[in-house]
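Notes to accompany the following structure.
None of these values were measured; they are calculated from a predicted model. In this chain, numbering begins with 1 at the start of the sequence shown.
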Amino acid sequence: MNLAQSIEGNNPILNITIFALFVVVTLVVVFRASRNTKTASDYYAAGRAFSGPQNGTAIAGDYLSAASFLGIAGAIAVYGYDGFLYSIGFLVAWLVALLLVAELLRNTGKFTMGDVLAFRMRQRPVRAAAATSTMAVSFFYLLAQMAGAGALVSLLLGVEGDVGQGLVIAVVGVVMIIYVLVGGMKGTTWVQIIKAGLLIAGTFAMTVWVFGKYGFNLSELLGSAAEASGEGDTLLNPGAKYGVDSATQLDFLSLGVALVLGTAGLPHVLMRFYTVPTSKDARKSVVWAISLIGLFYLFTLVLGYGAAAIVGTDTINNAPGGENSAAPLLAEAIGGPVLLGFIAAVAFATILAVVAGLTITASASFAHDVYANVIKRGKVDSKNTEVRVARITACVIGAVAILGGILAKDQNVAFLVALAFAVAASANLPTILYSLFWKRFNTSGALWSIYGGLSVTIVLIVFSPAVSGTENSMISGADFSWFPLQNPGLVSIPVSFFLGWLGTVLSSEHLEDKHKEMEVRSLTGAGAEKASAH
């Protein structure tokens, strides 16, 4: 806590100035981008005007969230090897997205996951189901980002107490809503490109700085981290977080499965594939994203162990925000208030960019799938009405995210994101894969898979130790947990695949002819460029 107070006394005015500068610059970019946002295609898919490298950088900006920067660096600092496993899972997951879904989705859909499912199934029920799961994943992810914002700024400005942190979360929510309302996908994409550049540049500078203190010798850095942590070699070996007993190892396996399979089902990542003009650009953008994200996760290894060595795990655990404060504390320790202000502004930019991407995805899913195609049955003026509904929805989602973020502000950010991945892997991925690759798959199977996977995941999360039953649970004073694992993916993902199969074979609906058309389009892109804005 002393370090937090010293940060508060260092130069909060400088920190606020750097924050404000970023917000002003990005708002100018967003306003300039908004001048060309006229149709639904402009608002949802940025007019498909971004190149592969630009979109790949934006995907990296969208994907490298507060969990990546604050949560993973903190998890490595406190738990060592076990914390780095988050990085491995998040990175390997991109191979699933690249090989199975990126190009096929770009060819088949227009704006949302619901477009892909509705291509060969009954429009209204599957669009409603896709929108429901999109909202659920976005909500969990938004909670994580808002919690990260509260932790970061409480550390940076010495804001302590529930009211101060709540106010910070509200400010983040309001700025994010402005980005989405004004700029649409084009403005949001530029914010993500700027933020990705700043994040990678900032973490690269810190990595070189930390590495240089130890003579660019990784062995020496790891040794110093182990010694300073008081844990010795435990920090370098498996088991610091997930233990060595079978229950915690099973929990880790469950987490790993959700991370690897969840990325290909994250709606805000999937939606980015629609902002490029061709399927080749979709492929190229994923390769760019993998390169940038892989580089970043190598940096987190140095930053995490560097924080353990230079700041110390006890100081990190006792600071406002706990684990999430490791990267800002390390910046303050090696570069003083200027580097702290820059790194904290980058983390703040990270949160703003990701919540803007999540909000536009959730609002697009509601406006395009539910309002335009379920309520209005496709008969809607996309230039005005549908975009107006999307903007109203963005305001509602922003308000819900602010309230949820205030309630979840003390949770570990990386853990909250892991729950979002579990929902994405359970509710979305089985349905997408069945729809693209299984010709017998039908509407009934899609509904069973989405609603069943979503229900099972949420029930298992609610009745897990993550929510109640331990002192680290969300509701620490209660105990209604009966599911032993904190991460439900090991159970919920196979159940969702099974439900998709069962719902299909129990239904007499046959859609094989439509699947042939979808297969040709997904593999060749024939007709994809002519997708209308409706």
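Between Ile193 atom CD1 and Ile59 atom CD1 the span is 10.5 Å, to the nearest 0.5 Å. Met206 contributes atom CE, which lies 11.5 Å from atom CZ of Phe299 (distance to the nearest 0.5 angstrom). Taking CZ of Phe50 as the start and OG1 of Thr189 as the end, the distance is 4.5 Å to the nearest 0.5 Å. One finds the CZ atom of Phe421 at 11.0 Å from the CG atom of Leu261 (value rounded to the nearest 0.5 Å). The line from CG of Leu143 to OG of Ser138 is 11.0 Å long, rounded to the nearest 0.5 Å. Here the OG1-CD1 distance, from Thr134 to Ile450, works out to 8.0 Å after rounding to the nearest 0.5 Å.
Under 3.5 Å, the side chains of Ser363 and Thr393 contain no donor-acceptor pair of N or O atoms. Residues Gln486 and Asp251 have side chains that never bring a donor and an acceptor to within less than 3.5 angstrom of each other.
Looking at heavy atoms from C-beta onward, Tyr451 lies in side-chain contact with Thr132 at the 4.5 angstrom threshold. Looking at Val191 and Val29, their side chains never come closer than 4.5 Å, going by heavy atoms from C-beta outward. Inter-residue side-chain proximity for Phe139 and Ile397 is flagged as unmet; no heavy-atom pair is nearer than 4.5 Å. You'll find the side chain of Trp288 stays beyond 4.5 Å of the side chain of Ile293, heavy atoms only. Using a 4.5 Å heavy-atom threshold, the side chains of Leu485 and Phe483 count as touching. Side-chain contact between Thr443 and Pro125 is present, with at least one heavy-atom pair separated by less than 4.5 Å.
For Ala446 against Val126, the heavy-atom pair with the smallest separation is CB-CG1, 4.1 Å. When all heavy atoms are compared, the tightest approach of Ala128 to Val374 is N-CG2, 4.1 Å. The minimum heavy-atom distance between Ile18 and Gly341, with the atom names listed, is CD1-C, 3.6 Å. Counting all heavy atoms, side chain and backbone alike, Ala327 lies closest to Ile343 at O-CG2, 4.5 Å. When all heavy atoms are compared, the tightest approach of Ala326 to Ala77 is CB-CB, 4.1 Å. Heavy-atom minimum distance, Ser87 versus Ile72: OG-CG2, 3.2 Å.
Under a 3.5 Å cut-off, the side chain of Ser365 and the backbone N or O of Ala362 do not form any donor-acceptor pair. The backbone N or O of Ile432 sits nowhere less than 3.5 Å from a side-chain atom of Ser435 that would complete a donor-acceptor pair.
No close placement of the Trp448 and Tyr434 rings is indicated, their centers lying 6.0 Å or farther apart.
Just one of Leu27, Val23, Thr26 meets the side chain to side chain contact (heavy atoms under 4.5 Å, CB included) condition when paired with Ile178; it is Leu27.
Every residue two or more places apart in sequence or in another chain that forms a side-chain hydrogen bond (donor to acceptor under 3.5 Å, both in side chains) with Asn428 is listed here: Ser133. With sequence neighbours left out, the side-chain contact (heavy atoms from CB on, under 4.5 Å) criterion links Ala170 to Ile402. Ser449 pairs by the side-chain contact (heavy atoms from CB on, under 4.5 Å) definition with Pro430, Thr431, Ser496, not counting sequence neighbours. In this structure Ala258 satisfies the side-chain contact (heavy atoms from CB on, under 4.5 Å) test together with Ala422, sequence neighbours excluded. Qualifying side-chain contact (heavy atoms from CB on, under 4.5 Å) partners for Leu199, counting only residues two or more places apart in sequence or in other chains: Leu64, Phe69, Lys195, Thr203, Phe296, Val346, Thr350. Qualifying side-chain hydrogen bond (donor to acceptor under 3.5 Å, both in side chains) partners for Ser254, counting only residues two or more places apart in sequence or in other chains: none.
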Set out, in order, the CA-CA distance, both residues' side-chain angles and the distance that settles side-chain contact (heavy atoms from CB on, under 4.5 Å) for Tyr63 and Leu266, then state yes or no. CA-CA 10 Å; Tyr63 191 69; Leu266 286 176; 4.2 Å; yes
Between Asn317 and Val78, does a side-chain contact (heavy atoms from CB on, under 4.5 Å) hold up when you go through it step by step? CA-CA 8 Å; Asn317 283 326; Val78 176; 3.7 Å; yes
Using side-chain contact (heavy atoms from CB on, under 4.5 Å), reason through Leu460 and Trp482 one step at a time and then give a plain yes or no. CA-CA 9 Å; Leu460 294 182; Trp482 48 260; 4.0 Å; yes
